[in-house]
Asks: 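The structure follows.
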Amino acid sequence: MEPSQETASLVKRLAGPSIGKAGLAKDQADINRIIADASKGSKFYENEKKKDQELTKKIEQMLKLRDELTSGADMQKVEASVDQLLHKLESQRDLSQTIVHFDLDSFFASVEVLNNPELGGKPFAVGHTVVSTASYEARKYGVRSGMASFIAKKLCPELIMVSHGMSEYSDMSHKVMAICKRYDPQMCPAGCDEGYLNITAYCAEHDMSPDACVEHLRSAVYSETKLTVSAGIAPNTMLAKICSDKNKPNGQFHLPFESEAIVAFMGDLSIRRVQGIGRVSERLLDSIGIKTCGDIFTYRATLSLMDKQFGLMHLLRTHLGIASNSVQPPQREERKSIGAERTFPPLGDKQKILEKLHEVCVELESDMEETQWTGRTITLKYKLDTFEVFTRAKSSTRWISKKEDLFAIGQELLLPELPLTIRLIGLRVTKLKDLYGPDPSIGIKRFFDTANGSSSPNKKRKLSASDQEISCETTSNIEDLPGPTDDESSNPVPNGLEATKPTSTRSRKPESKPRPPSVERERHICPVCEKKVAIENDAFNTHLDSCLSREAIREAQAESSASAESRTSPKQGDIWERWTKMTPGSRNSRK
DNA sequence: GCGGATCAC
DNA sequence: TATGGTGATCCGC
């Protein structure tokens, strides 16, 4: 056998991001070999190789830095100071909430089997050029989500490819989410096939153990949809998510709610399993000796010296198994961007490329109209036939949402870059403004559409701070309340410095966790919906606008039972839209 | 504010 | 023959 040219890291990289997340098959080395061979020579392969080599170089530099930092430091002393931090973190551990993460088993594939029982027991995959979901039979061959279909075929020649049935997935997902909401009305969906619940109240009210509650949930989902779901039960979202994988498929896992057991559980857990640590961070950490969450403790002094590179606090919390235990549905006003992008066979002709840009503009306009957003900053994204990705952005003084405007700015950004051979074009709009209202003719649009427009004569006529105060203070409620009740978003890992000093020692219900000063944001309670809202950057304006509009809807409906629904529907829409649009041309049903 | 990178799903 | 789309965040400048 000829020795392969690839480094171990490249072979692993080519196997895709989902490998290493799940348990790896015993013959994973053979599988990786097949994947690398099938990829070899392609532009995709060359780009992956380039990225892999750049990362290797970055690691070399990082190790040099580590040696400099550690050689000049009193490691014992550093360790002692980290141990103090650990002690402080441990003292803040909150085991009072019961958090559940649920996850439908191979969701798309399971729905396909329901609709076409012939597929049962066969190796098949949902997707077109790329595998979205593989059936468990296909996974035995090494077929994984995100894998190019032609590679999946090489791994499993009998593989059946099935195209997406998005509307069916949509229906099923809605059903499942509705069932889960019975156990916590504040359920937070995390995509179409998973989500988080806080079942503390439900268990208390129904005098039920967490295990029984989750059994009940899973059996309800199965009896009402014939879909199986796995779940994890733990004191916070990070642990619950990890636990839901433990007895997959169709199982549940309950982590003991005890500090020692939790730290032991984390001890031999691969660092890759924790949210926010992807393939790159895995390699970076591996290079300094960290493979498991237990290794974080071993190398705590090094991590402390390299806080900037690794984010010490987050890793310490991870080692201890401490994370947010707050579960909240996403808020509409939290949205930061809306965009569209499309891949196509590589094009070099300027006119053809502009046609693609136009198509993207048409789609984006339609999405922005449907979801009632407008924005000021346009970012063009393009991918060359070499798979290299670039972005170019431009901020406008006007609110952009029409395809003509999108296209004009898109062209302005793209034309100076040409000539190029391009395989993907995308546009994204940021600096958003919410236009959501019950009726566009009487909605926010009418009052504020021209408010910030440079073309508008009454310039800067936007709802100012003093305007806010009027509407808010008359309802007498705007005051800094006892601090944020949830913070610590379940968002990606901050890979940077975190405060070592609590800003507050006040304890509160879901979790008492100090917020780093650098992240401290002012929040006020909205007089309408009584939720806390960031006050800066127009966010409060935006929120209040939409909230008042929703209030108007509710009053018009004069139907108290519908009020909760009407308040939450826009948020759900956002999440929904996020995954509904996962695949191009599959919004409706398959062909 | 911009551009590159990383990550989740 | 052939490797997705949406959205978020962070860092360095």
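Every chain is numbered from 1 and lettered A, B, ... according to where its sequence line falls, protein lines coming before strand lines. What you see is a predicted model, and the numbers here were worked out from it, not measured in a lab.
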Asks: Considering just the side-chain nitrogens and oxygens of S281(A), establish if one lies under 4.0 Å of OP1 or OP2 belonging to dC7(B).
Replies: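 Answer is yes, contact under 4.0 Å.
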Asks: Check the distance between dC7(B)'s P and L285(A)'s CG and give it to me in whole angstrom.
Replies: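 Nearest whole value for this atom pair: 10 Å.
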Asks: Measure from OH on Y382(A) to C1' on dC2(B) and round the result to the nearest Å.
Replies: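 That distance rounds to 13 Å.
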Asks: Under 4.0 Å between a side-chain N or O of S395(A) and OP1 or OP2 of dC2(B)?
Replies: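 For dC2(B), OP1 or OP2 has a side-chain N or O of S395(A) closer than 4.0 Å.
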Asks: State whether R392(A) places a side-chain N or O below 4.0 Å from either non-bridging phosphate oxygen (OP1 or OP2) of dG4(B).
Replies: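 It does, given that an N or O in the side chain of R392(A) lies less than 4.0 Å from OP1 or OP2 of dG4(B).
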Asks: Measuring to OP1 and OP2 of dC9(B), would you say a side-chain N or O of K241(A) lies under 4.0 angstrom away?
Replies: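 Looking at the OP1 and OP2 atoms of dC9(B), one of them is under 4.0 Å from a side-chain N or O of K241(A).
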Asks: Round to the nearest Å and state the distance from K154(A) atom NZ to dT3(C) atom P.
Replies: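 My rounded result for the distance is 13 Å.
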Asks: With D30(A), which residues qualify under side chain to side chain donor-acceptor pair (under 3.5 Å), at least two apart?
Replies: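 Testing D30(A) for side chain to side chain donor-acceptor pair (under 3.5 Å), a comparison that skips the adjacent residues, returns none.
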Asks: When the distance from CD of E341(A) to C1' of dG7(C) is rounded to whole Å, what number comes out?
Replies: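 Distance check: E341(A) CD to dG7(C) C1' gives 10 Å.
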Asks: E54(A) has an atom CD; how far is it from atom P of dT6(B), in whole Å?
Replies: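 So the two atoms are 9 Å apart, to the nearest Å.
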Asks: Answer with base, sugar-phosphate or nothing: what part of the nucleic acid does K394(A) contact at a heavy-atom distance below 4.0 Å?
Replies: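 Sugar-phosphate only.
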Asks: Taking side chain to side chain donor-acceptor pair (under 3.5 Å) as the definition, give me every residue that meets it alongside T228(A), ordered by chain and number, with sequence neighbours left out.
Replies: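 For T228(A), the residues satisfying side chain to side chain donor-acceptor pair (under 3.5 Å) (neighbours in sequence not counted) are D105(A).
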Asks: Is the distance from OP1 or OP2 of dC9(B) to the nearest side-chain N or O of Q275(A) less than 4.0 Å?
Replies: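 Looking at the OP1 and OP2 atoms of dC9(B), one of them is under 4.0 Å from a side-chain N or O of Q275(A).
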Asks: Using atom CG of N32(A) as one end and atom C1' of dT3(C) as the other, report the distance to the nearest whole Å.
Replies: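 After rounding, the gap between these two atoms is 16 Å.
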Asks: For dG12(C), does either OP1 or OP2 sit under 4.0 Å from a side-chain N or O belonging to K308(A)?
Replies: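 Yes.
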Asks: Please check the phosphate of dG4(C) (OP1 and OP2 only) for any side-chain N or O of R423(A) closer than 4.0 Å.
Replies: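 Indeed, a polar side-chain atom of R423(A) lies that close.
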Asks: Strictly below 4.0 Å: does R335(A) bring a side-chain N or O up to OP1 or OP2 of dG7(C)?
Replies: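 Yes, because at least one side-chain N or O of R335(A) sits under 4.0 Å from OP1 or OP2 of dG7(C).
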Asks: Assign R376(A) to base, sugar-phosphate, or nothing according to its heavy-atom contacts below 4.0 angstrom with the strands shown.
Replies: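 Result for R376(A) = sugar-phosphate.
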Asks: Which part of the nucleic acid, if any, lies within contact of R279(A), taking any heavy atom under 4.0 Å across all strands shown: a base, the sugar-phosphate backbone alone, or nothing?
Replies: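 Sugar-phosphate contact only - R279(A) comes under 4.0 Å of backbone atoms but never of a base.
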Asks: Using atom C1' in both nucleotides, what's the gap between dG4(C) and dC7(B) to the nearest angstrom?
Replies: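 Here dG4(C) and dC7(B) have their C1' atoms 15 Å from each other.
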Asks: If you measure only the distance, is there a donor-acceptor pair under 3.5 Å linking the side chains of S337(A) and R428(A)?
Replies: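 Checked: S337(A)/R428(A) side chains pair up, N/O donor to acceptor below 3.5 Å.
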Asks: Would K433(A) pass as a cation-pi partner of W373(A), given that its NZ or CZ must be under 6.0 Å from the six-membered ring centre and within 45 degrees of the axis?
Replies: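 Relative to the ring axis of W373(A), which defines the angle, K433(A) lies outside at least one limit.
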Asks: Compare side-chain N and O positions of S337(A) against OP1 and OP2 of dA8(C) and report whether any pair is under 4.0 Å apart.
Replies: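 Yes, such a contact exists.
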Asks: So S42(A), base contact, sugar-phosphate only, or nothing? Heavy-atom distance under 4.0 Å.
Replies: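 Counting heavy atoms under 4.0 Å across all strands, the contact made by S42(A) includes a base.
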Asks: Can you check whether L10(A) reaches E48(A) side chain to side chain, under 4.5 Å on heavy atoms?
Replies: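 The answer is yes; the side chains approach within 4.5 Å.
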Asks: Which of these nucleotides, dT3(C), dT6(C), dA8(C), is closest to any side-chain atom of K336(A)?
Replies: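 The answer is dA8(C).
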Asks: Given atom CZ of F344(A) and atom C1' of dG4(C), what is their separation to the nearest angstrom?
Replies: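 Going from CZ in F344(A) over to C1' in dG4(C) covers 13 Å.
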Asks: Classify the nucleic acid contact of S39(A) as base, sugar-phosphate or nothing, counting any heavy atom under 4.0 Å across all strands shown.
Replies: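 Base: the residue S39(A), judged by heavy atoms under 4.0 Å, touches a nucleobase.
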Asks: Measuring to OP1 and OP2 of dT3(C), would you say a side-chain N or O of S149(A) lies under 4.0 angstrom away?
Replies: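 Checking S149(A) against dT3(C): no side-chain N or O falls below 4.0 Å of OP1 or OP2.
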Asks: Tell me the interatomic distance from E363(A), atom CD, to dG7(C), atom P, rounded to whole angstroms.
Replies: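 Distance, rounded to whole Å: 10 Å.
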Asks: Examine dG4(B): is either OP1 or OP2 under 4.0 Å from a nitrogen or oxygen in the side chain of T391(A)? Give yes or no.
Replies: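 Yes, T391(A) has a side-chain N/O under 4.0 Å of OP1/OP2 on dG4(B).
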